[in-house]
Amino acid sequence: MKLWTLATFCAASLLILSGCGGTSPKPADEIKIDKTLPVVKLTEKGTFVDMNAVAFEWSAIEDERVKGIYIYKQVMSEEASDLSHYKTIDNRFTTHYLDTEIKPDTGYTYTFKTFSEEAESQMSEAKAINSLPVLQSVVWIQSIQNMPRTAKIIWRPHSNQKVKSYIVERRTLEEEKWSKIATVDGRLNAEFIDFDLKDDYVYKYRVRVLTYDGITSNPSEIVQVVTKALPITIKHIVATTDLPRKIEINWEKSTTEDFARYHLYRSESSDGTYELIAKLYNPTFTDVVEEDGKEYYYRVSAIEKNGLESIHDKISIQGLTLIKPEAPSLVEAKVIDNKIEIKWSNKDTRVKKYTVIKKAKTGWFDAKDEEFVDISGKKFVDAEIGPNITYYYQVFAIDEFGIKSEPSIEVEIKTPNSVTDNTKKEESQVPSDKAQKKEVEVIVPTQDFN
């Protein structure tokens, strides 16, 4: 007789057993032995053993009295059971049986009896078997180190053709239990890449193989991965506070091995939202700001070639453009000898010159503005005035960079009718400390000139 493979046994046994309807007979409580009934004899190679199944083949039963076969089974484990009735085959023509209730690497004993309507045969010779042990996992496995937030595991494909897929398990040093994180289908597949990991962190991996019939192997050797550390945090960041309409930021050069570039961030407050304003290759940057006294906060990070970015949210450096000069403080405003004389004080040593803005209101809708620049002293004499006209003056301080201060308070002076009309003359303003005083109407809303 041609022997069947275990796979053929599975198919044939399922077809035969699935066709059996109703309740199968069981051995009687009071057993009657008929020595004339045939005894089941396994064929020469009639036992097939796997990890989770065992199959038997016996010689055909020709005796027409036989109605079927009783199968007895005993588990030879630490918790050994007695040999007892296990299954009934209620068809004498069946010559194969497949048992799938098998644990890997476990011993079992089987015996068989034929039965008729009135009696049972003698017990067959006992057949002891041991199921195959669980498959060993892959015999070679290796990890790839120092990858950015990623781990790569490679192994040699399993040689057993029954392998369907690989189960990848992982745990950290803080975890006690292994977690299944992926299944890699296909026996010839030989790698797994784990993403979204922590930086500079230790992970452990192992692999099991899964067979087509659902058996999971023992775990492989454990391999360890340490993910790549973040670039070194940028240190010694400094920002200027005294440059006109710009802020220079400098920092210590990065010593990160795979350094690629710097990222510079800026915010209007130390704990505000920081915006990326520059990607740089040198440790310096000039931020041009078209405002005087403008305050910004800066953060700098290092980026390595894989895109990892250093920690940069712990250090914020304040930068400031040069503030405006101190505004002049008016101390005197008067009309004297047909001229208006304005005096002010200013203690800011940055100031190099002054500018005076003059406004003249001659009617409800008639006004004139003039600007007088490059005044080196702290006095302004305006000779181009006329009678019964309201004049308004403001003074600005100018530093060496041309930065203009906030204006002084606005002084308002109304000339009397007795003032000679000099508005049509081409006399320029002349500072004078010797002019005589003359009673005039002077209106200064908020400034005390004493």
Side-chain angles (χ1 to χ4, degrees), residues 143-153 168 170-177 179 181-182 192-205 223-324 403:
S143 61
I144 309 301
Q145 301 291 325
N146 204 36
M147 296 178 67
R149 297 174 183 169
T150 303
K152 182 176 179 178
I153 311 300
V168 182
R170 182 187 74 193
R171 74 175 179 87
T172 65
L173 297 179
E174 293 79 14
E175 296 170 336
E176 296 182 357
K177 295 183 178 180
S179 299
I181 61 171
F192 170 73
I193 299 177
D194 198 6
F195 297 99
D196 299 326
L197 303 178
K198 296 180 181 179
D199 301 306
D200 194 21
Y201 208 74
V202 177
Y203 294 89
K204 292 181 179 292
Y205 295 87
V223 294
Q224 179 174 293
V225 171
V226 180
T227 55
K228 190 171 186 178
L230 292 178
I232 300 170
T233 300
I234 298 298
K235 299 178 180 179
H236 302 140
I237 308 170
V238 294
T240 59
T241 59
D242 58 356
L243 297 181
R245 297 186 180 176
K246 65 181 178 181
I247 300 173
E248 289 185 359
I249 307 97
N250 296 279
W251 55 90
E252 188 176 272
K253 184 179 179 180
S254 174
T255 57
T256 297
E257 181 178 355
D258 296 328
F259 169 79
R261 62 186 179 275
Y262 302 101
H263 279 185
L264 178 66
Y265 298 87
R266 186 180 72 183
S267 174
E268 293 190 350
S269 62
S270 61
D271 57 353
T273 300
Y274 283 78
E275 176 186 4
L276 176 63
I277 63 169
K279 298 179 181 180
L280 307 162
Y281 299 97
N282 295 308
T284 184
F285 180 75
T286 299
D287 191 8
V288 178
V289 182
E290 296 301 328
E291 291 184 60
D292 302 312
K294 180 62 177 178
E295 181 182 75
Y296 281 118
Y297 290 84
Y298 298 90
R299 292 175 179 175
V300 182
S301 67
I303 310 295
E304 55 90 65
K305 66 180 182 180
N306 296 295
L308 291 181
E309 184 172 16
S310 66
I311 295 173
H312 58 278
D313 59 354
K314 307 298 183 184
I315 302 175
S316 299
I317 301 300
Q318 181 192 43
L320 183 69
T321 59
L322 187 63
I323 62 174
K324 295 178 181 293
I403 298 177

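As the structure is a prediction and not an experimental result, all values here were calculated from the model.
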Check [X] against [Y] and note the closest heavy-atom contact, atom names and distance.
{"X": "Thr172", "Y": "Glu175", "result": "N-OE1, 3.0 Å"}
{"X": "Ser143", "Y": "Ile153", "result": "CB-CD1, 3.9 Å"}
{"X": "Gln224", "Y": "Lys204", "result": "OE1-NZ, 2.9 Å"}
{"X": "Lys246", "Y": "Thr240", "result": "O-OG1, 4.2 Å"}
{"X": "Gly319", "Y": "Ala239", "result": "CA-CB, 3.8 Å"}
{"X": "Ala182", "Y": "Phe192", "result": "CB-CE1, 3.3 Å"}

Carefully, step by step, assess Glu304 and Leu230 under the rule side chain to side chain contact (heavy atoms under 4.5 Å, CB included). CA-CA 8 Å; Glu304 55 90 65; Leu230 292 178; over 6 Å; no
Quick one, Asp292 with Thr321, criterion side-chain hydrogen bond (donor to acceptor under 3.5 Å, both in side chains). Give me CA distance, side-chain angles, the key distance, then yes/no. CA-CA 6 Å; Asp292 302 312; Thr321 59; 5.6 Å; no
Please examine the side chains of [Y] and [X], heavy atoms only from C-beta on, and report whether any two atoms are closer than 4.5 Å.
{"X": "Ile277", "Y": "Phe285", "answer": "yes"}
{"X": "Pro231", "Y": "Leu308", "answer": "yes"}
{"X": "Lys253", "Y": "Tyr262", "answer": "yes"}
{"X": "Glu268", "Y": "Lys294", "answer": "yes"}
{"X": "Ile315", "Y": "Trp251", "answer": "no"}
{"X": "Glu257", "Y": "Ile232", "answer": "no"}
{"X": "Val300", "Y": "Ile317", "answer": "no"}
{"X": "Ile249", "Y": "Ile237", "answer": "yes"}

Could you state the interatomic distance from [atom1] ([X]) to [atom2] ([Y]), rounded to the nearest 0.5 Å?
{"X": "Leu264", "Y": "Thr284", "atom1": "CG", "atom2": "OG1", "result": "10.0 Å"}
{"X": "Glu252", "Y": "Thr233", "atom1": "CD", "atom2": "OG1", "result": "11.5 Å"}
{"X": "Glu248", "Y": "Asp287", "atom1": "CD", "atom2": "CG", "result": "10.5 Å"}
{"X": "Asp196", "Y": "Thr150", "atom1": "CG", "atom2": "OG1", "result": "7.5 Å"}
{"X": "Arg245", "Y": "Glu290", "atom1": "CZ", "atom2": "CD", "result": "6.5 Å"}
{"X": "Lys235", "Y": "Thr255", "atom1": "NZ", "atom2": "OG1", "result": "8.0 Å"}

May I ask you to decide whether Lys228 forms a salt bridge with Asp199, counting only side-chain N to carboxylate O separations under 4.0 Å? no
Hey, is CD on Glu174 packed in by over 12 heavy atoms from elsewhere, all under 6.0 Å? yes
Using a 6.0 Å cut-off, check whether atom CD1 of Ile181 has over 12 heavy atoms from anything other than its own residue. yes
Just one of Glu309, His263, Arg261 clears the side chain to side chain donor-acceptor pair (under 3.5 Å) bar with Ser301, so which one? Glu309
Applying the side chain to side chain donor-acceptor pair (under 3.5 Å) criterion to Tyr274, which one of Ser269, Ser267, Ser316 satisfies it? Ser316
Step-by-step side chain to side chain contact (heavy atoms under 4.5 Å, CB included) determination, Gln145 to Val225: CA-CA 6 Å; Gln145 301 291 325; Val225 171; 4.3 Å; yes
Only pairs at least two apart or in different chains count here, so list each ring-ring contact (aromatic ring centres under 6.0 Å, His included) that has a residue in residues 293-318.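 For residues 293-318, and leaving out neighbouring residues, the ring-ring contact (aromatic ring centres under 6.0 Å, His included) pairs sorted by first residue read Tyr265-His312.
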Sidechain-backbone polar pair: Thr227 side chain, Lys198 backbone, donor-acceptor under 3.5 Å: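 Side chain of Thr227 to backbone of Lys198, a donor-acceptor pair under 3.5 Å: yes, one is there.
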